[in-house]
Amino acid sequence: MHPAVRFLSLALLLSLAPALAAQNSVQEFRLGGVARILNEECIRLTPATPYVTGSAWFQNPMDLEYPFELTVDLVLGENNDLGADGIVFVFHPTMQTGYRGEGMGFAGLYPSLGIEFDTYQNIHLGDPVEDHVAVMVHGQLHHGRSLAGPTSVPNLENGGKRPLTVSWSPGTQTLQVTLDGELRASYTGDIIANVFGGNSKVYWGATAATGRKMNFQDVCIRKLVYALVD
Ligand SMILES: [Ca+2]
Ligand SMILES: [Ca+2]
């Protein structure tokens, strides 16, 4: 879309509904790699081209001392047999993009916590044959090091929007991952101390990549509930 058209339509939207001005928009994300704004709700992390990587990071850091509930839609493309590689929902101290292919833009990010939505079986990483969800640390893709999962899920690559809610309760130290209305992964532990070495302020975002096989892969903003911190 032409930038002027996007500006006009957003301005029109805000004039019609002033309350929406407080909501979050795709403009608040810093894009890396091949990621591009698709429309007012969605960022295309990767197009369906081989060997690319993309990332979208929310520009303000999150403080894990406070609870949050982040709801987005994931779109994992429409190539099932020939599709790859998937999207990772990531927490990391800086806004970087990791390695492509099986790395899904997450590999190499240290320290980090990532929730993967993996659409391609890499046998040497312990991937199940089905699309799957897992909680990973430090950009390590092998499931022998996963904090939770892998949990097999029905085919993710049907072109549709998959609602994802990631929530964190510092009181119970529980991270929960709900996809398509089903709780698919849960991890309880001291993420601040054990993953981030005592640093509670991290950025969050989504990364994705393709390899020899490919898919377009998008993240769309739904509802972000978090504490405003300095
Ligand atoms: Ca994989
Ligand atoms: Ca699939």
Side-chain angles (χ1 to χ4, degrees), residues 32-35 42-56 72-92 96-110 112-166 175 177-187 195 204-220:
V34 298
C42 300
I43 294 165
R44 178 142 292 172
L45 297 168
T46 72
T49 56
Y51 300 110
V52 293
T53 183
S55 63
V72 299
D73 287 322
L74 301 181
V75 180
L76 288 136
E78 52 194 10
N79 292 327
N80 186 21
D81 291 340
L82 299 174
D85 274 275
I87 295 175
V88 184
F89 195 102
V90 189
F91 300 88
H92 182 55
Q96 286 178 282
T97 312
Y99 299 122
R100 68 189 188 188
E102 68 189 29
M104 290 180 285
F106 169 66
L109 300 185
Y110 180 93
S112 66
L113 185 140
I115 302 158
E116 69 160 16
F117 303 87
D118 187 335
T119 57
Y120 183 77
Q121 183 186 29
N122 300 95
I123 292 170
H124 73 108
L125 297 178
D127 284 350
V129 64
E130 302 87 5
D131 298 344
H132 55 278
V133 178
V135 180
M136 334 278 288
V137 282
H138 301 332
Q140 296 174 329
L141 275 297
H142 195 287
H143 288 300
R145 301 185 193 95
S146 296
L147 297 182
T151 301
S152 295
V153 295
N155 176 40
L156 296 173
E157 301 147 297
N158 67 355
K161 287 184 175 179
R162 330 300 301 241
L164 163 69
T165 297
V166 177
L175 181 80
V177 180
T178 302
L179 184 71
D180 293 326
E182 304 266 347
L183 181 64
R184 293 301 193 181
S186 179
Y187 172 71
V195 178
W204 67 271
T207 68
T210 66
R212 185 170 55 85
K213 296 188 176 182
M214 66 204 86
N215 258 320
F216 65 82
Q217 299 169 107
D218 306 337
V219 61
C220 307

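Both counts, for ligands and for their atoms, begin at 1 and track the order of listing. Nothing fancy with the numbering, it's 1 onward along the sequence.
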Give a yes/no answer: is there an N/O/S atom of E157 under 3.0 Å from the Ca ion (ligand 2)?
yes
Counting backbone and side-chain atoms alike, does D127 have an N/O/S atom under 3.0 Å from the Ca ion (ligand 1)?
yes
Residue pair L74 / L156, side-chain heavy-atom distance below 4.5 Å
no
When you measure from the Ca ion (ligand 1) to the N, O or S atoms of D118, does any of those distances fall below 3.0 Å?
yes
Does any N or O in the side chain of T210 come within less than 3.5 Å of the main-chain N or O of D85, such that one atom is a donor and the other an acceptor?
no
Apply side chain to side chain donor-acceptor pair (under 3.5 Å) to T178 and T165, showing your working.
CA-CA 5 Å; T178 302; T165 297; 5.9 Å; no
Counting backbone and side-chain atoms alike, is an N, O or S atom of N122 positioned under 3.0 Å from the Ca ion (ligand 1)?
yes
Which atom of S186 lies closest to which atom of A148, heavy atoms considered
O-CB, 3.6 Å
Is any N, O or S atom of Y120 under 3.0 Å away from the Ca ion (ligand 1)?
yes
Under 3.0 Å from the Ca ion (ligand 2), can any N, O or S atom of N80 be found?
yes
Evaluate Q121 against H132 for side chain to side chain donor-acceptor pair (under 3.5 Å), listing each step before the verdict.
CA-CA 9 Å; Q121 183 186 29; H132 55 278; over 6 Å; no
